[in-house]
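Here's the structure we're looking at; comments come further down.
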Number of protein chains: 2
Amino acid sequence: MCSYRKGTERLRYLSYWKAEAMVTKGEEFQSSQDALLSENELKYIQEQIGGSFDWPTLTDVGGRYSEEEKFKVAIPPSPTSSLPSAEEWDGPYDFQLLVNTMNANKKTWLHSSSLNKIFIDVNKSIPLQFKINCPDDGEAFFIRALPVYTISQHMTYPVNRCPLHLKEDESKGLASQNHVVRCEDFRALYECDEESKRYSVVTPLGCPQPGSDVVTLMYSFACKSSCCGGMNRRPVMVIFTLEKDNLVVGRKTMNFRVCSCPKRDKEKEEKSALEEKLQNNPGKKPMEAQNQKESSMNCIQGAAHYREILRYLIMLKNAEYLETGSQEALSAKEEYEGLCLNGGRATFDPQYIKLVLMRYYYHDMRYIIYKCDFENLILKIL
Amino acid sequence: MCSYRKGTERLRYLSYWKAEAMVTKGEEFQSSQDALLSENELKYIQEQIGGSFDWPTLTDVGGRYSEEEKFKVAIPPSPTSSLPSAEEWDGPYDFQLLVNTMNANKKTWLHSSSLNKIFIDVNKSIPLQFKINCPDDGEAFFIRALPVYTISQHMTYPVNRCPLHLKEDESKGLASQNHVVRCEDFRALYECDEESKRYSVVTPLGCPQPGSDVVTLMYSFACKSSCCGGMNRRPVMVIFTLEKDNLVVGRKTMNFRVCSCPKRDKEKEEKSALEEKLQNNPGKKPMEAQNQKESSMNCIQGAAHYREILRYLIMLKNAEYLETGSQEALSAKEEYEGLCLNGGRATFDPQYIKLVLMRYYYHDMRYIIYKCDFENLILKIL
DNA sequence: AAACATGTTT
DNA sequence: AAACATGTTT
Ligand SMILES: [Zn+2]
Ligand SMILES: [Zn+2]
C-alpha cells in the first residue's frame, strides 16, 4: 500500500488519530460527533487533499466477541455508501479498465472515448476488460460495479430500477431483480447496502485466459437511462472498484447511457460537447433532467439516521449562531431541535442537504467493529 | 321500454325464446352451449341488427332460493364485460352527454367536436353534463364511466393504470387506486368486474340544480394515454352508460387523450384528420401503438373461463371440419381438445381470438338467476 | 410556445 | 435510418 498519495495518507492519519486517542483512553463514543474533526481540522484536511479519498472497508464481524469488547470507531464510507468516491485511482495493483472497440457491436453498444461514455441498448451485454499488474493472483481480487448518478443534485440517491421493469422481472425471483447493472458471470454476487440502499454487483476477477493479460467480464443494464420512476433521464456512471480482502485497492469509472438509439445519441452528445468546447459557450449546455420525484425523505434513510443528521445540523447551526450572531441560524437550530424531539422531518433544499451530507459522511461513524480488529487496522495504517 | 329498436327486440326475442323453451321443458343447461343459437340463427340475427345490442343486466341474487330453484339462463354481457357495447344509444330516457365548451380550461383540457374527443392533462378535472327527459327522477339513475381501448386489437383488454402511477398512489389506499377514470363526487362508487377485470366508476345522476336541466359531474384521469405499462400510447374512449334498476337504458361515448400538451395534440390530430378527409388518402394514417406486452394469457381470464372458450372453439372447428372437410380445422380441433385435457393454453392470433370472443359473448351464459326472476324477465321482455 | 429529448413506427 | 410521437426543459 505504498502508493497512497500523500494527502490521502495524512487525512487517514488525522482522522484515526482522533479516534485512536479516544479508544486508548477507554472512552466509548456517545454519538457520531464524538470523534468528528473540528471545523479547523476539516478545513486543513480539505486544503491538503482537495478531493475525495479512500478508506478501507470494515464490516461488523458480529458475535465473535463479547459486548464489552465492542468499540464504536470512526470508519469511512464503504464503496457503496451514500456518497461513494468516484475518483479514478490505479492503486497499488495498477488497476485498468479497457473497452475493446474492435468488439463494438454497432447495433447494441458504442464507446465514446472523448466522453468516456458507453451508449448501450437495454438488456444487451458489453464486454469490459480489467487489468492488474499481478494477473496470476486474480482469484484474490473482486470487481464491484456500482451505478451512481453523475449530476451532483442526484448523486446521493441510489440508482433503482423503474416500477415497470421491476414488475416484469418480479415473477422470476432472481437475485439481480432490483439491480440495474448486471454482470453475466455465474460467480457474480448481487449486493444491497442496507445503510445506503445502493445495489452493486461483485464478481471475482479471476485469472486471464492463457496468453492474455486482461480478464473480460460481460455487463448489461436492465433499465434505460430514461426509465420513468427509475433513472428518469438522469445520466449515470458506473464505479468499478477493485477489491482485495474487503479493501478498495483501485477504482475506475465509466459513464453509461442506456437508450434505444446508441448511435444517434452518441453522435449528438459528441457533437454538442465539441461545439461547447470550440465556442467555449457554456450557455448551450444539454438539458438537465429535473422534477425528480425521489422524495427528500428518501435522501436520508431511516429515522435514527435522520435524527443523527439533524443533530449534526443543530451543531453546525449553533456554531454558526455563536460565531456570527445570525438570527436565521438560531431559528433553524431551534426548528431542528423541535424535529428531533417530535420525530418530524424538514424539507431541505437538495443542494444544501447534499453539502451537509458530504461533510457528515467525511466523518462517518456508523459502523461497529471489535477492539482487536481496530488495533490491527491502526497497525496497518500507521 | 317501447323505444327499443326493431332489430334489437327481435334478437332479444330469439335468444330468450331458445332459453325459455329449455326452461319450460324443465331442462337444466349442461354447458354454456346448450342454449346457443345455431350458426344460421346467428347469421340471420346479425343481418337484422348489423351491430351490437343491449341486454338487461342480471346479477346473482344468491341465497334467496333453494338450490333446486336455480336455473342457468342466457344472460348477456354486463356493461363492463370483456367486450362491452360502445354503440351510442339515446334510449327510452333520451340520454345525452354534453361538453360545455364555454367551460373549456384552455390550459388543462380541450374538446374537439369533429373528433368527438377530449384532450386533457393528467389529474385535471373536466365537467361533463348529462341530460335525461325526466330530470326530476334523477336519483333513480346512475352514470357508469368505463374506459375502453378504441383500436380493435386492444379492445378486449381492460384499461389499467401503469405501475409507476399505481406505486405512487398505493400508500394512500383509496378505493380509486386502480382506476384510470375518476369521478370527483363523494357518492362515486369504484367497481371492478371480477369476470373481465375492468374498472369502472358509477355515480348517482341526481337531480339538476334549480333552473337547470342537466347534471354536471367532474371527471379526471389518473394516468396518461402514453403511460408505459399502462395505456401505453393506445387511444381510449370512455363509455358512459345510463343505468336504472341495474339495466342499461342509454349509452354515450367520448374519446379521450390524456397528455401533457392538450392544445398541441388536438391541433395535430384535427389537422391530420382533415388532411386525410380532403385527400381521401388512407396511406397516411397516424402511427399505431404496437408491441404491447399484455400477454395473450390475460386476454381470457381464469382457467375455467379459458376452458369454456376452448370448448367453444372445438365446437366451431368441428363444425368447420364436418362442413368443409378442412384438415387444418380438424387438427386445430384436436389441439384444443388436448389443451382442454392438460389445462394448457394456446397462443392465439389476437385478431382471431377477438372474433371468437365476440361470437362467444353474444351468447354469454355465465350468470345464474332464480326461476321467478327469469319468469319476470320473460314477462317484461315478451 | 418553441426547442429539445428520446422511445417507436415506418 | 428517417420520420414521428410525446414528455420536458427553456
Ligand atoms: Zn426500467
Ligand atoms: Zn400512469
Side-chain angles (χ1 to χ4, degrees), chain A residues 106-108 110 115 117 119-124 150-151 153-154 162 164-165 168 221-236 256-273 275-276 281-294, chain B residues 106-110 115 117 119-124 151 153-154 162 164-165 168 221-236 256-273 275-276 281-294:
Chain A
K106 303 264 187 275
K107 291 275 167 56
T108 61
L110 286 163
L115 301 166
K117 190 162 188 172
F119 297 77
I120 185 169
D121 265 355
V122 68
N123 290 131
K124 294 292 156 64
T150 49
I151 291 175
Q153 193 170 356
H154 309 126
C162 76
L164 173 61
H165 285 130
E168 285 174 7
F221 295 77
C223 267
K224 290 179 187 169
S225 296
S226 63
C227 273
C228 311
M231 290 184 277
N232 213 6
R233 309 187 317 287
R234 289 173 287 185
V236 291
F256 278 89
R257 179 184 166 94
V258 191
C259 58
S260 298
C261 306
K263 185 160 178 287
R264 172 185 71 182
D265 298 351
K266 171 176 175 271
E267 283 164 3
K268 192 166 61 61
E269 280 194 29
E270 282 178 340
K271 196 179 141 214
S272 74
E275 267 173 19
E276 199 185 326
N281 176 6
K284 212 201 162 190
K285 272 178 206 160
M287 283 178 167
E288 252 184 39
Q290 306 203 340
N291 229 312
Q292 304 298 324
K293 279 213 184 152
E294 319 255 12
Chain B
K106 303 264 187 273
K107 290 275 166 57
T108 61
W109 69 267
L110 286 163
L115 300 166
K117 188 162 188 169
F119 297 76
I120 185 169
D121 265 352
V122 68
N123 289 134
K124 296 289 158 63
I151 290 174
Q153 192 170 358
H154 309 127
C162 75
L164 174 61
H165 285 131
E168 284 174 10
F221 294 78
C223 267
K224 291 178 187 167
S225 296
S226 63
C227 273
C228 311
M231 290 183 278
N232 213 6
R233 309 185 318 286
R234 289 173 286 185
V236 292
F256 278 90
R257 178 184 167 94
V258 190
C259 57
S260 297
C261 307
K263 185 159 176 287
R264 173 187 70 182
D265 298 352
K266 170 175 176 271
E267 283 164 2
K268 192 166 63 59
E269 280 194 30
E270 282 179 338
K271 197 179 141 214
S272 73
E275 267 173 19
E276 199 185 327
N281 175 7
K284 212 199 162 192
K285 272 177 205 161
M287 283 177 167
E288 253 186 38
Q290 307 202 340
N291 230 313
Q292 304 297 327
K293 279 212 183 152
E294 320 255 14

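Excluded from the calculations below are hydrogen atoms, water molecules and symmetry mates; all remaining heavy atoms, backbone and side chain alike, are included. The chains referred to below are lettered A, B, ... by the order of the sequence lines, with proteins before strands, and numbering in each begins at 1.
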In whole angstroms, how far is the [atom2] atom of [N] from the [atom1] atom of [X]?
X       : N      : atom1 : atom2 : value
N291(B) : dA5(D) : CG    : C1'   : 15 Å
Q290(B) : dC4(D) : CD    : C1'   : 13 Å
E275(B) : dC4(D) : CD    : C1'   : 14 Å
F119(B) : dA5(D) : CZ    : P     : 13 Å
H165(B) : dG7(D) : NE2   : P     : 10 Å
D265(A) : dT8(C) : CG    : C1'   : 13 Å
K271(A) : dA5(C) : NZ    : P     : 11 Å

(message) Reading DNA chain D from 5' onward, which residue's closest nucleotide shows up sooner: R264(A) or E269(B)?
(response) R264(A)
(message) Quick check: on DNA chain D, is the nucleotide nearest N232(A) upstream (toward 5') of the one nearest K268(B), or the reverse? Name the residue that is more 5'.
(response) K268(B)
(request) Would you indicate which nucleotide in dT9(C), dG7(D), dT6(D) comes nearest to any side-chain atom of K224(B)? (result) dG7(D)
(message) Quick check for you: among dT10(C), dG7(C), dA5(C), whose closest atom lies nearest to any side-chain atom of M287(B)?
(response) dT10(C)
(request) Using side-chain contact (heavy atoms from CB on, under 4.5 Å) as the criterion, point out the one residue from E269(B), K263(B), E267(B) that pairs with F119(B). (result) E269(B)
(message) So, under a plain 3.5 Å distance rule, would you say the side chain of R233(B) forms a donor-acceptor pair with the base of dG7(D)?
(response) no
Exercise: identify the closest heavy-atom pair between [X] and [Y]:
X       : Y       : answer
K266(A) : L110(A) : CD-CB, 3.7 Å
A273(B) : L115(B) : CB-CD2, 3.8 Å
C223(B) : H165(B) : SG-ND1, 3.4 Å
A289(B) : R234(B) : CB-CG, 3.9 Å

(request) Give S226(B) one of three labels, base, sugar-phosphate or nothing, depending on what nucleic acid heavy atoms sit under 4.0 Å from its own. (result) sugar-phosphate
(request) Take R234(A) and E288(B), find for each the nucleotide of DNA chain C with the closest heavy atom, and name the residue whose nucleotide sits nearer the 5' end. (result) R234(A)
